[in-house]
**Q** 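If you scroll down you'll find the structure; I have some questions about it.
FYI, side chains are in, hydrogens and waters are out, and symmetry mates aren't considered; it's all heavy atoms of this structure.
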Amino acid sequence: MDIGNENGDTSFTNNLVGVAGVGSAVFFQQLRPFSYHDWRSIKRFLSSECPLIRAYGAIRFDATANISPEWKAFASFYFMVPQVEFDELEGSSMLAITIAWDNALSWTWDEAIHSLETTMQQIASVVVKLKKEASGESILSKTHVPNKTHWDLAVKKALQEINTSSSELVKVVLARSSRILTATNIDPIAWLASLQVEGEDAYQFCLQPPNGPAFVGNTPERLFHRKWLSISSEALAATRARGESRALDLQIEHDLLSSPKDHLEFTVVRENIQNKLESVCDRVVVEPKKTVRKLPRIQHLYAQLTGNLRREDDEFEILSSLHPTPAVCGLPKEAARLFISETEMFDRGMYAGPVGWFGGGESEFAVGIRIPEH
């Protein structure tokens with residue numbers, strides 16, 4: 001899309017609100033960890049002259065861990081440029097197709113066109129009407145890994161490690177896997193639509209590789225947003241429920257702001273992100289330094305950090321260094337990651353990893369947490 005202003009500059013100012021994409025004009029997937037070479041390969045297909053051509057995808061939480069069967073379709077990372085895309089803009093909408101071919105990929109123009117025609121035929125044969133409410137599937141069984149006994153043991157082990165004088169571990173964040181069997185198949189797109197009622201202060205996403213399961217989430221945590229050399233990130237840590245009344249909600253907010261434990265947890269996250277940004281930015285501003293961010297069901301301590309990258313290639317460096325954040329892994333990062341890999345009895349896969357998109361002059365990633373809930 002080529003839009004010029006009165007000075008002849010090419011720009012695109014109509015903000016993108018949501019995207020739905022089907023098929024892949026080009027995709028990027030490897031079993032090895034996401035690298036600078038992979039980042040450059042993706043960027044070859046993107047251009048600041050076409051800002052709405054974007055590569056969407058996700059990266060594993062821990063690329064060194066063994067991949068379990070449910071995550072194999074995603075490999076270590078999975079990015080794709082949709083073949084057919086519906087873009088919802090602030091004041092309009094647009095339907096677009098993207099065709100990509102490259103001799104280095106052994107993907108010819110004719111093959112790209114044939115693949116696009118197949119995708120268009122599939123779309124034409126399906127009409128879907130989405131409801132923005134969860135469909136209330138009947139649950140047949142629910143299994144937690146680990147169970148409560150093993151969870152308590154894992155937490156005790158973590159506390160013992162942190163309190164050991166010889167240990168460098170300061171913080172570790174453990175997770176639990178819940179497997180739920182329903183009486184009917186769950187439609188991931190219907191679940192995604194129901195998440196939109198959660199609101200304006202979160203990212204709703206659904207990513208599904210061919211012949212693979214869907215990764216669906218509703219995350220409030222931005223990893224970073226870059227536009228040209230300007231970059232912003234967020235520190236989000238410590239959690240409280242929302243109050244049933246305004247007075248109770250304000251009391252909970254006050255408790256959260258005045259809690260020494262939560263202040264320490266939040267400060268660790270904020271300072272870690274600030275240090276990472278300062279390594280590649282000329283100047284970093286933290287404003288606000290600490291406030292409360294309220295979501296429909298919970299509230300967190302929050303700060304916003306902004307800076308200016310020294311060069312665009314530092315985007316890969318910031319993605320690599322910010323992930324995983326102390327809020328989903330711990331500190332120091334490598335010690336916490338090793339503790340998690342030795343303690344957790346399941347593969348996190350893309351959960352708690354970066355999920356988002358690369359564009360020509362812009363990119364945005366969130367932390368892939370908060371699976372859907374009824």
**Q** If you count the non-hydrogen atoms of other residues, nucleotides and ligands that lie under 6.0 Å from CZ in R179, is the total more than 12?
**A**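 Counting other residues, nucleotides and ligands, CZ of R179 stays at 12 neighbours or fewer.
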
**Q** Atom CZ of residue position R32 - does it have more than 12 heavy atoms of other residues, nucleotides or ligands inside 6.0 Å?
**A**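 It does: R32 CZ has more than 12 such atoms within range.
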
**Q** Can you spot which of F45, F34, F27, W357 makes a ring pair (Phe, Tyr, Trp, His ring centres under 6.0 Å) with F79?
**A**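 When ring pair (Phe, Tyr, Trp, His ring centres under 6.0 Å) is applied between F79 and each of F45, F34, F27, W357, only F34 qualifies.
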
**Q** Verify the neighbour count for atom CG of D282: are there more than 12 heavy atoms of other residues, nucleotides or ligands below 6.0 Å?
**A** yes

**Q** Please confirm whether the backbone N or O of R226 pairs with a side-chain atom of S230, one donor and one acceptor, at under 3.5 Å?
**A**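 Not a single qualifying donor-acceptor pair exists.
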
**Q** Please determine whether side chain to side chain contact (heavy atoms under 4.5 Å, CB included) holds for the pair V19 and E85, giving the CA-CA distance in whole Å, both sets of side-chain angles, and the decisive distance to 0.1 Å.
**A** CA-CA 7 Å; V19 174; E85 187 174 319; 3.6 Å; yes

**Q** Checking E111 against T108: is there a side-chain donor and acceptor pair closer than 3.5 Å?
**A**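 Yes.
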
**Q** Counting only heavy atoms not in N163, do more than 12 fall under 6.0 Å of its CG?
**A** yes

**Q** How about H300 and K294: does a side-chain donor come under 3.5 Å of a side-chain acceptor?
**A**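 No pair is found: no donor N or O on one side chain lies under 3.5 Å from an acceptor on the other.
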
**Q** Kindly say whether N275 contributes a backbone atom to a donor-acceptor pair with the side chain of E278 at under 3.5 angstrom?
**A** no

**Q** Apply side-chain contact (heavy atoms from CB on, under 4.5 Å) to A235 and list each qualifying residue two or more places apart in sequence or on a separate chain.
**A**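 Residues passing side-chain contact (heavy atoms from CB on, under 4.5 Å) with A235: F266, V269, R270, I273, A303, L305.
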
**Q** Answer yes or no: is there a donor N or O on one side and an acceptor on the other, between the side chain of T164 and the main chain of S167, under 3.5 Å?
**A** no

**Q** Do T64 and D62 have side-chain atoms, one donor and one acceptor, less than 3.5 Å apart?
**A**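 Side-chain D/A pair, T64 to D62: present.
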
**Q** State whether the number of non-hydrogen atoms from other residues, nucleotides or ligands found under 6.0 Å of K72 atom NZ is greater than 12.
**A**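 Open: at most 12 neighbouring heavy atoms sit under 6.0 Å from NZ of K72.
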
**Q** For the residue pair F205 and Y56, is the inter-centroid distance of their aromatic rings smaller than 6.0 Å?
**A**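 No.
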
**Q** Would you kindly say whether E221 and T219 are connected by a side-chain donor-acceptor distance under 3.5 Å?
**A**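 There is no such pair (donor and acceptor under 3.5 Å, judged by atom type) between the side chains of E221 and T219.
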
**Q** Are V367 and L331 joined in one hydrophobic group, where the rule is that I, L, V, M, F, W and Y side chains link up if heavy atoms are under 4.5 Å apart?
**A** no

**Q** Is a donor on one side and an acceptor on the other found under 3.5 Å between the side chain of N147 and the backbone of H150?
**A**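 It does hold such a pair.
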
**Q** Name the one of R222, Q304, E364 that satisfies side-chain hydrogen bond (donor to acceptor under 3.5 Å, both in side chains) with S232?
**A**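 Output: one option passes, namely R222.
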
**Q** Quick check: F28 with F77 (ring centres under 6.0 Å apart)?
**A**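 No, the ring of F77 stays outside the 6.0 Å limit from the ring of F28, centre to centre.
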
**Q** We want to know whether S24 and Q83 form a side-chain donor-acceptor pair, criterion being a heavy-atom distance below 3.5 angstrom.
**A**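 On atom types as modelled, these side chains do not qualify, holding no pair under 3.5 Å.
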
**Q** Can you check whether V84 reaches M120 side chain to side chain, under 4.5 Å on heavy atoms?
**A** yes

**Q** So which of D255, D262, D249 actually passes side-chain hydrogen bond (donor to acceptor under 3.5 Å, both in side chains) with R240?
**A**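 Going through D255, D262, D249 one by one, the side-chain hydrogen bond (donor to acceptor under 3.5 Å, both in side chains) with R240 is satisfied by D262 alone.
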
**Q** Please say whether more than 12 non-hydrogen atoms of neighbouring residues, nucleotides or ligands are located less than 6.0 Å from NE2 in H144.
**A** yes

